[in-house]
Amino acid sequence: MDLTRPTFYITTPIYYPNDFLHIGHSYTTVAADALARYKRMRGFDVMYLTGTDEHGLKIQQRAEQAGQDVHEFLDGIIAWIKDLWAKLDISYDDFIRTTEERHTRVVEALFERLIDQGDIYLSDYEGWYCTPCESFWSERELVDGKCPDCGREVQFVREESYFFRMSKYVDRLLAFYDAHPDFIQPESRKNEMINNFIKPGLKDLCVSRTSFDWGIHVRRDPKHVVYVWLDALTNYITAIGYGSDDPQMQAKFERYWPADVHFVGKEIVRFHVIYWPIILMALGLPLPKKVYGHGFLMMRDGKMSKSKGNVIDPKLLIARYGSDAIRYFLLREIPFGQDGVFTPESLVQRLNYDLANDLGNLVHRSAAMMHRFVGGAVPASSAFGPLERDLAALCEQTVAEVEQHMDDMQFSLALGSIWSLIGRANKYIDEAAPWALNKAGERERLQTVMYTIAEAIRYASVLVAPFLPRTAEQIWAQYSVEPEQTTWESLRRFGTGAAGRAVAQRDPLFPRLDVEAELEALGALANKGRAPSSGTTAAEPNQPGPSQSAPVAAAKPAAQNATGLTPSGGPPEVGGKPRIGIDVFDQVELRVGQVELAERVPGADKLLRLMVNLGAETRQIVSGIAQHFQPEALVGQKVIVVTNLKPVKLRGVESNGMILAASHEGTLKLATVPPEMPNGAIVK
RNA sequence: GGCGGCGUAGCUCAGUUGGUCAGAGCACACGGUUCAUACCCGUGGCGUCAGUGGUUCGAAUCCACUCGCCGCCA
C-alpha cells in the first residue's frame, strides 16, 4: 500500500455459494471492478473486496446432498467462482471467505463484546416455520394461516435466540441519514427504508439460531450459531484487519476503513443501510460513506430457472464473446440502479453496433490508413485546423464527462459519453477524408489528420480501459502507445501523444456477429451451463421473514404480440372484410411447402422459426404458432404458404412468407394438403 | 391496505429550478462515401409529452382528480 495516495475501499456483497453464480452476480462484480479500475487510474490506493458467505443451513444441506464434507463442497464452488472472476478480469484485491479464521475469530470476539455491552441479549424467537420452504413467517405474513410462499401448513416454533438491540440506535441512525444525504443510493430507496422500517419502529434483529450447526458458534453459549447478518456484514471489516492481533493488519484497517462504497443488490439494501450502520455504531466504528443498491438483471421471459430453460452460464457467454464484450453489455445496457433485461437481441446488437461497428472499425480502419498513407506509423502533426480543434475539444470534454459520471457511478452514461467521442472520431475521418488528401498529395495536411486520428483513438482507449481492460491493452499494443501515454493524466491535453509510433495491422478487435446464428446459439446456451437456480447474496434464504429474492428476478411478461404476422388465421369473422374480385385474390401466390425445420425463436413465446421447402427453394418463415405446436411435431408437415408476401423481421428474424392455418375458439390447425402433392405446387 | 415512484416517437429512454424542450440511441426511408468488419457519414417522417380540469402571459415541466403500470412494506 502506498501511504501517499488517498484510499478507495469498495466492496461487493459476499455471495452465497450454495450453487454456481450467474450473470446477475457477475453484474455487481463487474460494476465494482470498473469503478475500482477507474479509481486506480485516478491515483487512488484501491482496496477492492469480494468474497463468499459460507455458513448456514442451505450450505450444510447442499454438501450433504452432494455427499461431500462441507469444506470440500465449498472449496469446489469457491474455485469455480474464482475462476469466473479471473475469466471476467475482476481485479479484486482480496477475496474473503467467512469460514476463514481471520473472520470467524473476530466475529466470535465481537459477539461476546456486544453481549457484554448489552447490545445483544438472550430472548425467545417466536414464529411460524414452513419446513419445506425453510422459512420463518410472522403471524401477519401468513395467508389463511398457511405459508404465503407454498400454501402449506406451518408450525409454530419457539426458539431461544440472541437479539441485537437495534431500537436503541434509531435516533442516531436517522441523524446520520440527515447528515449524509448521499449515503443511500439511489435515493428513492431511502424513503422506503425510513417509511417501512424505521418509522413504524425498528424491531430488534435475531442474530443467533440453535436449529442448525454450520456456522460460527457463540463462545459462551455454543449451542447458538451466529445468524446471517452479524456474520455476513462484518466481512467488510474483518477482511481488512479489524480485530486482528497483527499490527500490520490493524494499520490496514485504519487505513481503509470506512469503506467508500458498498455495492449491493437492491434486495439487501435494507440490511446495509439499517442493520450494518447500527452494528458499526455499537462497535464504535465510523460508518461507510455510501451504499449503492443496484437493480436486477432480468430475463425477458421471467426469472432465470432451469425449468424455464433460460439460465445462462456466464462462463459460456465469456467463452463465446470474450470478457470485455460481456462487461460492456452489462455496464452499457443497464443504467446502474435500475433493473435491466438481458435479451440475446440486445446483447448481439450492442456487440455489433457499439463494439464492432463503432470502436472496432475505428481502430481497424485507422490502422489500415496508417499503412496505406503514412508508412505504418503515426506521423507528426503540423498546426491543427478547425476540425482538429473541434475533435480535440470533444476529447477533453469527454474526459470531464466520464469523470462526472463515474463520480455518480453511472457507468452506462460514462460509456455513452465515450461512444459519442468514438462516433465523432469516425465522423472526423469522413470529414477530413485522408484518402482524398492522399490523392491530392497534401502530405502535411494528411499527416496532421492521421496524427489527430491516432490521438483520438488513444483518448478512447484510455477512457475505455476501466470497462474494457483487454481492449485497451490491445489498442495500446497495436498502436505502440507508451505506458505513460495510457494514464488518465495523459488525457489532460489533446495532442500530447507521441508521433512516430508504429501501428500494426491486426484483425478487428471485435468480430461482427451474424445475428441469426447468435440468437440460435444463445438459445441453445440457455440451461446448458451449470448455472444456479436460486439466488445467492449476502443473505441466507432461510431467515425469519420474507425469503430473499434472487438478484436475477422475473421480468414482467410483456405483452408481446408478433406484429405483421398473426397466427395465420382467416378473417376475424365471415363477412368481416369487403368482397374482392378475382384480380385481387390473384395477386396472392400460394404454394405447397413442407416444413424441414422448426424451432422456437429465442425470447418470443409465440414465434416459431420454420424452414419450409418449396421445391425450387427453401425459405425461412417465422410464424406465430408456438403456443399451438411443438416444433418437432411440425417437421415433415405439408403446409400452404403465401409465397409473395414482403419479407418482415419478427424479433429480429426475417420471415419470408406465411403459412396458413385455421383457428377457432383458441385452437389452431394447419391448412394442409395430402402428402402426395409436391413441394412448390400452386394452390388456388 | 400504507408509503413512494412512473406513464414523452415503433422500441429503450434524456428532458435541472415552468418560457428554441419536443430530444438521443436503436429501428424505418432516402442519399453520400469507399480508408474500413456491407462499415462509415448525411438527410427525413413519426409524437394531442397517459387523460381531464386548474394556476400562469406561457406547462411535458406546478396543483387536483381519473386511468394504467411499478417498487418497498403490510
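As the structure is a prediction and not an experimental result, all values here were calculated from the model. To find a chain, count down the sequence lines: A is the first, B the second, and so on, and within it residues start at 1.
- With sequence neighbours excluded, the residues forming a side-chain contact (heavy atoms from CB on, under 4.5 Å) with Ala436(A) are Ala433(A), listed by chain and number.
- Every side-chain contact (heavy atoms from CB on, under 4.5 Å) that Pro186(A) has, sequence neighbours left out, goes to Ser188(A), Arg189(A), Tyr292(A).
- A side chain to side chain donor-acceptor pair (under 3.5 Å) check over residues 432-442 of chain A, counting only residues at least two apart or in different chains, returns nothing.
- For Glu431(A), the salt bridge (Lys or Arg N to Asp or Glu O under 4.0 Å) partners two or more places apart in sequence, or in a different chain, are Arg424(A).
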Side-chain donor-acceptor pairs of residues 391-401 of chain A under 3.5 Å, sequence neighbours excluded:
from: Glu396(A); atom 1: OE2; to: Phe494(A); atom 2: N; distance (Å): 2.8
from: Gln397(A); atom 1: NE2; to: Glu401(A); atom 2: OE2; distance (Å): 2.7
from: Thr398(A); atom 1: OG1; to: Leu394(A); atom 2: O; distance (Å): 2.7
from: Glu401(A); atom 1: OE1; to: Ser417(A); atom 2: OG; distance (Å): 2.8

**OP:** Would you mind building the protein contact string for nucleotides 3-16 of chain B? One character per nucleotide, 5' to 3', B for base within reach (heavy atoms under 4.0 Å), S for sugar-phosphate only, - for untouched.
**Re:** S----------S--

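- Identified under the side chain to side chain donor-acceptor pair (under 3.5 Å) test for residues 174-184 of chain A, with sequence neighbours left out: none.
- A heavy atom closer than 4.0 Å to some atom of RNA chain B occurs in Gly423(A), Asn426(A), Lys427(A), Asp430(A), Trp435(A), these being the qualifying members of residues 419-436 of chain A.
- The side-chain contact (heavy atoms from CB on, under 4.5 Å) search around Leu413(A) returns His405(A), Gln410(A), not counting sequence neighbours.
- Among residue pairs with one or both ends in residues 355-379 of chain A, those qualifying as side chain to side chain donor-acceptor pair (under 3.5 Å) are Asn357(A)-Arg512(A), Arg365(A)-Asn426(A), Arg365(A)-Asp430(A); sequence neighbours excluded.
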Subject >> Watson-Crick and G-U pairing of RNA chain B, under 3.5 Å, as dot-bracket with | and [ ] >> reply: (((((((..((((.....[...)))).(((((.......))))).....(((((..]....)))))))))))).

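- Sorted by first then second residue, the salt bridge (charged side-chain N to carboxylate O under 4.0 Å, His left out) pairs that include residues 413-423 of chain A, not counting sequence neighbours, number zero.
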